Amino acid sequence: MIDVRDPIADLTARGLVFQTTGEEALAEHLSSGSRTLYCGFDPTADSLHIGSLVPLLTLRRFQLAGHRPIALVGGATGLVGDPSFKAQERDLKSRDIIDSWVAKIRLQMGEYLDFDCGAQSALVVNNLDWTQDVDVLSFLRDVGKHFSVNNMIQRESVRQRIEREGSGISFTEFTYMILQAYDFAELANRYDCTLQIGGSDQWGNIVGGVDLSRRMYGKQVQAMTMPLVTKSDGTKFGKTESGTIWLDPGRTSPYAFYQFWLNAADTDVYSYLKFFTFLSVTDIDDLQQADNERQGRPEAQGVLAEQVTRFIHGDEGLAAARRITDSLFQGTLDKMSESDLQQLSLDGLPTTVLKRHELHDGTLTQLLADVGLAGSGKQIKDALGRQAVTVNNMTLGLEANKELAACFPAEAALCGRYYVTRVGKKKYHLFEID
RNA sequence: GGAGGGGUUCCCGAGUGGCCAAAGGGAUCAGACUGUAAAUCUGACGCGCAAGCUUCGGUGGUUCGAAUCCACCCCCCUCCA
């Protein structure tokens, strides 16, 4: 008999419980047996990003506590689009595109949950499986009848869209909450799934499912939401200058991923440790206290980056991220061997291979903007004017711009052909020129 | 189908014939200070090294000159039927 525990106390200590359908009932439900729970992930891209990490990790926490998680990929709901707290109607993507995204996200899910641990083995399901063959009239009569439009338009999640001048909501998106509710009812019926979790923005959709499960199948099910992750400075979590932080290493390298967490603000980092790692709350509190008692830079960011990167990208990904980080931020460039430099490139440091004759025309601003070190040449120009551009630690000035070849002098190359180029304090690019 | 209100640079939002590459805020980038933090201050912020080039839903037009005026079209919102 596996040890079944109620994870709610731990989740509460982590600040991960935002709303529940009733804390006592939920605690009783979870401690009295191994339960099945689910969380939905809609395919809005071909990869999950760190916005999905909290629900994903929470599923895993439940699994570790002896419950069975179902990760639902929204092959159907993704076709419709969730309007919850969205300011605008979204563009519909084609079915082919959504299908391909579903396939990729399914694979990703497989990495983060345990699918081979007996009764608690995770499941990945696609709501298209039970939605695509439902005909319109059945849906309207059997499902739609249970929903009151009066109630639906009162939902906070669509309030802005309905009340705000200049916006609106299509019937398509308005129906989303019914589809999601239907998912919960189906899962309750098929898999005896009795709990749905999700971000707090999903509350309205989730309770719709709680009601529907009762009405359609007489099943009493529960709900829990997690708070949305915020940043203390008020900017949006999960974005950097280079865009969204994806879980797919092809989109966001383990190095960039590691750097993202390493750059967490002091005021956010301890709550992030609770949200995004499996370290115990007491360990995190101890770490915080130790950091407070010491002057200077806290250790928390390093721990956070290590833990999250290892979970998502494994030991190898973490090692790669660290190799780059150590070389660029701690190391001395001229001590690096050829294999070190090659490894940096393999580890995910953005690299461009050029022939020396290609440097004869063009400008430095153009080149550095093209490889992604800045959004435009203007920004490079600005950085040049402030001595913020270096090649192998030589600072370049504005006058260097037109003399592209002179920016990469053969005698300054590392191991004959490598140039570590830096813009600002944190952005690096490796040029290999021969 | 009718009446009215809108669509401005990443976002919000000013601008109603030249002084507009377009106020202000946010986001973002760079610098100073630091710890690869935060806060603060400074600069940048359509593209271009520059000359210059391309923008204000779309297409045409009026004008020496249009984001601003006109025509048609597309999309959104509100109310009415």
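Note that the coordinates shown come from a computational prediction; the quantities given were computed from them, not determined experimentally.
With a cut-off of 3.5 Å on both pairing distances, B:A39 has no Watson-Crick or G-U wobble partner at all. Under the Watson-Crick and G-U wobble criteria, each requiring two contacts below 3.5 Å, nucleotide B:G1 is paired to B:C80. As the counterpart of B:G52, B:C47 is assigned, both hydrogen-bonding distances of the Watson-Crick or G-U wobble pattern falling under 3.5 Å. Nucleotide B:G65 forms no Watson-Crick or G-U wobble pair with any nucleotide shown, as no partner meets the under 3.5 Å limit on both distances. The partner of B:C72 is B:G58, by the rule that a Watson-Crick or G-U pair needs both atom distances under 3.5 Å. Judged by Watson-Crick or G-U wobble contacts below 3.5 Å, the nucleotide B:U9 has no partner.
Rounded to a whole Å, the CG atom of A:L368 is 14 Å from the C1' atom of B:A30. Spacing between atom CD1 of A:I324 and atom C1' of B:U36 amounts to 15 Å, rounded to whole angstrom units. For A:L398 and B:A50, the CG to C1' distance is 12 Å, given to the nearest whole Å. Distance A:L373 CG to B:A30 C1': 13 Å, rounded to the nearest Å. A straight line from CZ of A:F257 to P of B:U36 spans 22 Å, rounded to a whole angstrom. Rounded to an integer number of Å, the gap from A:K381 NZ to B:A50 C1' is 8 Å. Between A:R322 atom CZ and B:U36 atom P there is a gap of 17 Å when expressed in whole angstrom units. Distance, A:F329 CZ to B:U34 C1': 15 Å, rounded to whole Å.
Rounded to whole Å, the C1' atom of B:U54 lies 15 Å from the corresponding atom of B:C20. Taking atom C1' on both B:U55 and B:G1, the two are 37 Å apart, rounded to the nearest angstrom. Nucleotides B:G61 and B:C11 place their C1' atoms 33 Å apart, quoted to the nearest Å. With both ends at atom C1', the span from B:C33 to B:A27 equals 23 Å, rounded to whole Å. When the C1' atom is used for both B:C45 and B:G26, the distance is 13 Å, rounded to whole Å. Here the separation of B:C72 from B:G65, taken at their P atoms, is 23 Å to the nearest Å. Spacing of C1' atoms, B:G5 relative to B:C10, comes out at 26 Å, to the nearest Å. The P atoms of B:A51 and B:G46 are separated by 15 Å, rounded to the nearest whole Å.
In the displayed structure, A:R294 atom CZ is contacted under 6.0 Å by more than 12 heavy atoms of other residues, nucleotides or ligands. When the shell of 6.0 Å around CZ of A:R356 is examined, it contains more than 12 heavy atoms from other residues, nucleotides or ligands.
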A:F147/A:Y182 under ring-ring contact (aromatic ring centres under 6.0 Å, His included): CA gap, chis, key distance, verdict
CA-CA 11 Å; A:F147 290 84; A:Y182 185 60; 9.6 Å; no
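Of the charged side-chain nitrogens involved, none lies within less than 4.0 Å of a carboxylate oxygen, so that A:K378 and A:D382 do not count as a salt-bridged pair.
Atom OG in A:S200 sits 11.0 Å away from atom CE in A:M224 (nearest 0.5 Å). Note: A:H67 NE2 to A:L64 CG = 10.5 Å, rounded to the nearest 0.5 Å. Here the CG atom belonging to A:L398 is positioned 11.5 Å from the CD1 atom belonging to A:I380, to the nearest 0.5 angstrom.
A:F276 and A:F237 have their aromatic ring centers within a separation under 6.0 angstrom.
Among the atoms of the strands shown, base atoms are found under 4.0 Å from some heavy atom of A:Q259.
Position along RNA chain B of the nearest nucleotide to A:T365 versus A:K231 favours A:K231 as the more 5'-ward residue. Of the residues near RNA chain B, A:Q330 and A:R161, the one whose nearest nucleotide (by heavy atom distance) lies more toward the 5' end is A:Q330.
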Restricting both atoms to N or O, compile the protein contacts to nucleotides 37-44 of chain B shorter than 3.5 Å, with distance only.
residue, atom, partner, partner atom, Å
B:A37, OP1, A:K426, NZ, 2.7
B:A37, N3, A:D266, OD2, 3.3
B:G43, O4', A:R386, NH2, 3.3
B:G43, N2, A:D382, OD2, 2.9

Quick one: which protein N/O atoms are closer than 3.5 Å to N/O atoms of nucleotides 22-24 of chain B? Pair and distance per line, please.
none

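OP1 or OP2 of B:A27 has not a single side-chain nitrogen or oxygen of A:T235 nearer than 4.0 Å.
Between the side chains of A:S84 and A:D201, not a single donor N or O lies within less than 3.5 Å of an accepting N or O. Using modelled atom types, one finds no donor on one side chain facing an acceptor on the other under 3.5 Å when comparing A:Q202 with A:Q196. Side-chain contact, A:T235 with A:D233: a donor N or O sits under 3.5 Å from an acceptor N or O.
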